[in-house]
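Values below: every heavy atom of this structure, side chains too, minus hydrogens, waters and symmetry copies. If you're wondering where the values come from, they're calculated on a predicted model, not measured in any experiment. In the text below, chain A, chain B and the rest are named by the order of the sequence lines, each starting its count at 1.
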Amino acid sequence: MNAFLHALSKKVYQSSSILVLHPQTRARFKRIVVALLDWHEENQRSFIWRDLRRSPYVVLVSEYMLQQTGAKQVEKRLPEFLKQFPSVKALAKATRPEVLRAWYGLGYNRRALNLHAAAKALATKKQFPKTVRELRALPGIGQYTASAILSFAYNEDTPVVDVNIERVLSRLWKKMPDVNAKLPMKAIDQLDAEILPKGRSSAWHEALMDHGSTICTKKAPKCDVCPVNKLCPSRGVGNRIIKNTSSSEKLYFGQPRRIWRGRILQTVSQRDIITAKALAQILISEYDIDDRSFSEFVTDILSVLEREGFVTHTKNGYSLAHG
DNA sequence: ATCCTGTGAG
DNA sequence: CTCACTGGAT
């Protein structure tokens, strides 16, 4: 494509400068950075992956686990996972059923398949990748995880924007009308790139995350104990009445589809092989289902699980798939 | 815009 | 009960 025409497209043009830091604002953020780094010295959360960190492999595994899974939950499960798979090589050598069983309970099981595939790809390389491009080429690694690995494993001066940081920086940038409001992703990325303290990327992003997780929480931010409340235009945002925008999940036989998916995968993983009919019967009796179409529902989910690489089936039934 | 998972806080 | 949690892929 013609590079000039491409540059003229609205998106590219806007992305070059969505947000302008006036000198006054820059000075305000300088103070914010100092205050949050100080706060972090005293109040940072202690997690095993932070202690064991600087090992790219540990960062990699922890970041996969931390995608949409709470840090406290990860803290419980990471040690046993690392014990079972202590290195890229060990994880690459493991079978898919082994990895899936080790992952059980953490949720978003596709992450386990992705992590396993990523380990296999990494095992063929001489050294651990150190660029966003290489990292993003691995399955299950997007913009966030790639930059998080670079910042946390290598202390690289790259912006890292997760939901916590998105929320905290939005509130610090200007007065947000309600607790749900956020700046566009591009703007946050640019803001973080401009204010992040060089050489302290890891501590800075940990500070933002810990602050967002313990003080600048989404629903009820604790502005009274916030170390940067005097520098924050959104101070007190939590006191406003918020309308509920989120819609509830659709239920199938009393539960969201994803819950049945989890139960089905778990049931398959607990035996070597099982027929679709037997599987449905187990769930019907265990959860007191009263609907003839449930078996169809189970079959449907099984075929999706097969398509996605979790299970395989022969004429004798379903079992966990080997890579 | 939706789907994927399970746990815990409030 | 509702919602948040260090997202990614489609």
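Across the interface with DNA chain C, nearest-nucleotide mapping of Gly142(A) and Arg167(A) shows Arg167(A) to be the residue nearer the 5′ end. In terms of position along DNA chain B, the nucleotide closest to Glu308(A) lies nearer the 5' end than the nucleotide closest to the other residue of the pair Glu308(A) and Lys76(A). The residue among Asp210(A) and Gly140(A) whose nearest nucleotide of DNA chain C is located toward the 5' end is Asp210(A). Projected onto DNA chain B by closest heavy-atom contact, Lys72(A) and Gln68(A) fall at different nucleotides, the more 5' of which corresponds to Gln68(A).
Arg257(A) has a side-chain polar atom (N or O) that falls below the 4.0 Å cut-off from OP1 or OP2 of dC4(B). For the pair Lys219(A) and dC5(C), the criterion of a side-chain N or O lying under 4.0 Å from OP1 or OP2 is not met. Between Arg307(A) and dT10(C) there is no side-chain N or O to OP1 or OP2 distance below 4.0 Å. Between Asn164(A) and dC5(C) there is a side-chain polar atom (N or O) within less than 4.0 angstrom of OP1 or OP2.
Atoms CZ (Arg45(A)) and C1' (dC5(C)) sit 10 Å apart, rounded to a whole Å. Rounded to an integer number of Å, the gap from CZ of Arg77(A) to C1' of dC5(C) is 16 Å. As rounded to whole Å, 10 Å separates atom P of dT2(B) from atom NZ of Lys250(A). When rounded to the nearest whole Å, the span between OH of Tyr252(A) and C1' of dC3(B) equals 10 Å. Rounding to whole angstrom units, CG of residue Leu106(A) and P of dT5(B) are separated by 12 Å. Rounded to an integer number of Å, the gap from Leu113(A) CG to dG7(C) P is 20 Å. If you take CD1 of Ile165(A) and C1' of dG7(C), they are 13 Å apart, rounded to a whole angstrom. Separating the CD atom of Glu249(A) from the P atom of dC1(C) is a distance of 12 Å, rounded to the nearest angstrom.
In summary, the side chains of Ser151(A) and His205(A) do present a donor paired with an acceptor at a separation below 3.5 Å, with no hydrogens or angles considered.
The aromatic rings of Phe47(A) and Trp49(A) sit parallel to each other, their planes meeting at less than 30°, with 60° as the upper class boundary. Under the 30°/60° scheme for interplanar angles, the aromatic rings of Phe294(A) and Trp260(A) are found to stand perpendicular.
Only the P atoms considered, dG8(C) is 22 Å distant from dT7(B), to the nearest whole Å.
Relative to the six-membered ring of Trp204(A), Arg200(A) misses at least one condition, a distance below 6.0 Å or an angle of at most 45° to the axis. Cation-pi check for Arg263(A) over Tyr287(A) is met; the charged atom lies under 6.0 angstrom from the ring centroid and within 45 degrees of its normal.
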**Pairing pattern in dot-bracket form [Watson-Crick, G-U; both distances under 3.5 Å; | = partner strand] for DNA chain C** = |||||.||||
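Within 4.0 Å (heavy atoms only), Val160(A) reaches no atom of the nucleic acid at all. Counting any heavy atom pair closer than 4.0 Å across all strands shown, Ala148(A) reaches no nucleic acid atom.
Proximity note for Gln73(A) (side chain, C-beta onward) versus dT5(B), dT7(B), dG7(C): the nearest is dT7(B). Distances from the side chain of Tyr108(A) to the nucleotides dC4(B), dT7(B), dG6(B) place dC4(B) closest. Each of dT5(B), dC5(C), dG8(C) was ranked by its minimum atom distance to the side chain of Thr145(A); first place goes to dG8(C).
No donor-acceptor contact under 3.5 Å links the side chain of Arg110(A) to the base of dG8(C).
Shortest non-hydrogen contact noted between Val268(A) and Leu320(A) is CG1-N, 3.8 Å.
Taking 4.5 Å as the limit, every side-chain heavy atom of Asn229(A) sits out of range of all side-chain heavy atoms of Asp224(A).
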**Asked** Stepwise, does the salt bridge (Lys or Arg N to Asp or Glu O under 4.0 Å) test hold for Glu249(A) with Arg257(A)?
**Response** CA-CA 9 Å; Glu249(A) 281 180 280; Arg257(A) 182 187 172 90; over 6 Å; no
